[in-house]
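Worksheet for the structure shown next.
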Amino acid sequence: DENTLILFTGDNGALTTKPSKGGPSSAFPLRAGKGWGYEGGIRVPFIVRAPGVAAGSTCDIPVVNTDFYATILDLCGLPLKPEQHKDSVSLRSLITGEQHELQRAEPLVWHYPHYHGSGWVPGSAIRVGDWKLVESYHDEIFELYNIAEDIGEKKNLADSNSEKAKSLRGQMQSYLAKVGAPMASRNEAYDESMKSESPKKKKRKRKKKK
């Protein structure tokens, strides 16, 4: 235990499946769960045990799993490799308590331009400070929340603070364009009348008839 670094976390939020139907786990008081761009889908615990670092300290600065690469190199006393971890920032100063701020060149952005079985529709989210914007490409709407004051993302401030929403949306669009992120596009050939039931539903119906 004197030369072992342990990082304990998750890759996404709680598996709540469809919010209206509940699920095997809960992210309460966070909104939604796995597969969603709200806090319930992306906020997870992160616990670090590192030699020489006092236990019991906490930090509420948002970080992402891609930060682990640079952090591990730094804590092990190895040189950073910025050409390999462009999306990674060392968290060493936060973990050791040397600093309580984190300098990040790019904002935190979550991009999932696909439909998800949990009910999420194509969209993205961006977090800058306490402010967070969630955009739905399916509905062509965006929502603005102050996470520090509204952790459950219940009060949409996009209309009352349109300037902040416009600013965050611009930052998010610029970042996605910069990294060449694939974007959702309308399927002009889609025909709602041709929508079929899933194989599982059909199988259950056949069993019921027997």
Side-chain angles (χ1 to χ4, degrees), residues 3-13 30-31 36-113 123-135 142-151 153 157-158 161-183:
N3 63 354
T4 302
L5 171 65
I6 300 174
L7 307 180
F8 178 84
T9 187
D11 65 339
N12 49 245
L30 306 181
R31 181 174 175 180
W36 289 70
Y38 298 115
E39 291 297 278
I42 60 180
R43 181 186 287 234
V44 294
F46 177 33
I47 302 173
V48 179
R49 184 195 183 285
V53 177
S57 60
T58 60
C59 177
D60 59 3
I61 296 177
V63 300
V64 294
N65 287 10
T66 50
D67 292 331
F68 294 177
Y69 189 176
T71 301
I72 293 171
L73 291 176
D74 204 0
L75 285 173
C76 291
L78 299 173
L80 299 183
K81 300 182 178 182
E83 71 283 359
Q84 292 186 6
H85 49 71
K86 294 181 180 181
D87 294 325
S88 186
V89 177
S90 174
L91 308 177
R92 180 179 178 277
S93 62
L94 296 182
I95 294 172
T96 60
E98 298 172 16
Q99 295 182 4
H100 299 286
E101 294 183 359
L102 187 66
Q103 298 298 321
R104 191 182 293 277
E106 301 288 356
L108 294 178
V109 175
W110 297 267
H111 183 57
Y112 196 82
S124 303
I126 181 173
R127 172 81 183 265
V128 178
D130 292 332
W131 291 97
K132 181 180 173 186
L133 182 128
V134 181
E135 180 169 5
F142 51 90
E143 308 162 60
L144 176 69
Y145 300 100
N146 185 303
I147 301 301
E149 300 175 357
D150 179 21
I151 195 172
E153 295 169 289
L157 304 174
N161 198 337
S162 58
E163 287 302 313
K164 175 60 72 174
K166 182 179 179 181
S167 174
L168 288 181
R169 191 166 184 241
Q171 289 183 63
M172 183 168 68
Q173 291 175 334
S174 295
Y175 174 79
L176 294 175
K178 178 180 178 180
V179 300
M183 301 299 292

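Residue numbers count from 1 along this sequence. Nothing here was measured: the structure is a model prediction, and the numbers come from that model.
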Looking at every heavy atom in both [X] and [Y], which two are closest together, and how far apart are they?
X: G10; Y: N65; result: O-ND2, 3.3 Å
X: D67; Y: V89; result: OD1-N, 2.9 Å
X: I95; Y: V53; result: O-CG1, 3.3 Å
X: R104; Y: V64; result: NH1-CG2, 4.2 Å
X: A165; Y: F142; result: CB-CE1, 3.9 Å
X: I42; Y: W36; result: CG2-O, 3.8 Å

Validation row: [X], [Y] side chains within 4.5 angstrom (heavy atoms):
X: L7; Y: I72; answer: yes
X: L80; Y: D74; answer: yes
X: H111; Y: M183; answer: yes
X: R127; Y: R43; answer: yes
X: E143; Y: K132; answer: no
X: L94; Y: V63; answer: yes

d(S162 OG, R169 CZ) to nearest 0.5 Å is 12.5 Å
Would you check, one step at a time, whether the test side chain to side chain contact (heavy atoms under 4.5 Å, CB included) holds for S124 with L176? CA-CA 9 Å; S124 303; L176 294 175; 3.9 Å; yes
Expected output: side-chain R31 to main-chain E153 donor-acceptor under 3.5 Å: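 Yes; judged by distance alone, with no hydrogens or angles, the pair exists.
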Assess whether atom CD of Q84 is packed by more than 12 heavy atoms of other residues, nucleotides or ligands within 6.0 Å. yes
Taking 4.0 angstrom as the limit, do E98 and R92 come out as a salt bridge?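 Counted as a salt bridge, because a side-chain N and a carboxylate O are separated by less than 4.0 Å.
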